[in-house]
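Some notes on the structure that comes next.
Numbered from 1 within each chain, the chains take letters A, B, ... in sequence-line order. Treat the numbers as computed from the prediction; the structure is a model and nothing was measured.
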There are 2 protein chains.
Amino acid sequence: MNYLIHMQRTAAPIDYSIQEEKIARYAKALAHPIRIRILKFLDQQACCFTGEFTEEIPLAQSTISQHLKELKDAGLIQGNVMPPRIKYCINKEAWMEAKQYFTNFFS
Amino acid sequence: MNYLIHMQRTAAPIDYSIQEEKIARYAKALAHPIRIRILKFLDQQACCFTGEFTEEIPLAQSTISQHLKELKDAGLIQGNVMPPRIKYCINKEAWMEAKQYFTNFFS
DNA sequence: AATATTCATCGTAAATTTGCGATGAACTAT
DNA sequence: ATAGTTCATCGCAAATTTACGATGAATATT
């Protein structure tokens, strides 16, 4: 049991407030210019298929799919299956929640 | 010169708008709950020395210093040397700019 | 049945982020 | 001069992010 020596301290048990976690989580989703572009695009066009992003953005399809997943995981968008395509829309509830948190934060 | 085969495509030459880059940059700075806490703390207390954060937040001093650097690099805070300490304040200009960008974005 | 389209997911590589302890610079106090 | 305080920075390890091509699932078309 000599592990005690030189062991890294275990992850700090900080308990963040809901506000701290929500803002950080949404901010993380917004922390890439491509994802900003995707959201702006969705905001203008109501809804989009993945293919429309791949036409618009010069990145590999798999990369764009990954960014869409990040936005989906954060809750900011949702995908509806319309075989063989998937239609992405902004999740208005989460969008409004994010807006509210940021607005309060910058009060 | 067989490197051509199987070479990774060079970084996509996407040119983002100022808005896309600004929002993504500020969002990146906000993308960690500790940094949210630091900013809230500064917003309440006007200004702080590094030491006050290390008392408040159960993380190594070097880690907190790193988070302060991230906020400083994003422009959201500024540090004034008051030997042997450093007094951090919110950079109100950048703060207002960030607020404006987020507000417009969530229009 | 065979082929084509759309898209998520896997595997991989490179870059970045996050955390720590150790060190040293800058200044104060003894 | 010596010792103490405050803090950024370095060096390192682990985790995460970002990008790609390849693959395969699901469905539509021929």
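Spacing between atom CG of B:L68 and atom P of C:dG19 amounts to 13 Å, rounded to whole angstrom units. For the pair A:L59 CG and C:dC7 C1', the interatomic distance rounds to 16 Å; values are reported in whole Å. Rounded to an integer number of Å, the gap from CG of B:N80 to C1' of D:dT6 is 16 Å. Straight-line distance from the CZ atom of A:F53 to the P atom of C:dT6: 15 Å, rounded to whole Å. One atom, CD1 of A:I64, and another, P of C:dT6, lie 14 Å apart when rounded to the nearest Å. Atom P of nucleotide D:dT18 and atom CD1 of A:I36 are separated by 12 Å, given to the nearest angstrom. When the P atom of C:dT18 is taken as reference, atom CD1 of B:I38 falls 11 Å away, rounded to whole Å. The distance between atom CD1 of B:I57 and atom P of D:dC7, rounded to the nearest whole Å, is 13 Å.
The side chain of B:H32 lies closest to C:dG19 when the candidates are D:dC7, C:dA8, C:dG19. With D:dC7, C:dG21, D:dT18 as the candidates, the nucleotide lying closest to the side chain of A:R35 is D:dT18. Nearest nucleotide to the side chain of A:S62, out of D:dT9, C:dT9, D:dA8: C:dT9.
Note on A:Q66: a base of the nucleic acid sits closer than 4.0 angstrom, heavy atoms only. Backbone-only contact: B:K28 has heavy atoms under 4.0 Å from sugar-phosphate atoms and none from a base. Using a 4.0 Å heavy-atom cutoff across all strands shown, B:K87 reaches no nucleic acid atom at all. Counting any heavy atom pair closer than 4.0 Å across all strands shown, B:Q61 reaches a base atom. At the heavy-atom level, B:T63 lies under 4.0 Å from base atoms of the strands shown.
Under the 4.5 Å side-chain criterion, counting only non-hydrogen atoms from C-beta, A:L59 is not in contact with A:T54.
Contact between the side-chain N/O atoms of B:T50 and the OP1/OP2 oxygens of D:dA8 is found at a separation under 4.0 Å. Here B:H67 does not reach the OP1 or OP2 of C:dT17: none of its side-chain N or O atoms lies under 4.0 Å away.
Heavy-atom distances to DNA chain C give each of A:P84 and A:K69 a nearest nucleotide, and the one nearer the 5′ end belongs to A:P84. Annotation: of the two residues near DNA chain D, A:P83 and A:E70, the 5′-most nearest-nucleotide partner is A:E70.
In summary, A:E93 and A:K99 do not engage in a salt bridge, as defined by a charged side-chain N under 4.0 Å from a carboxylate O. Salt-bridge formation is detected for the pair B:E20/A:K40: a Lys NZ or Arg NE/NH1/NH2 atom is positioned less than 4.0 Å from an Asp or Glu carboxylate oxygen.
The ring pair (Phe, Tyr, Trp, His ring centres under 6.0 Å) pairs that include a residue from residues 71-99 of chain B are A:F105-B:W95, A:F106-B:W95, where partners are two or more places apart or lie in different chains.
Checked against a 6.0 Å centroid threshold, the rings of A:F53 and A:F41 count as neighbours.
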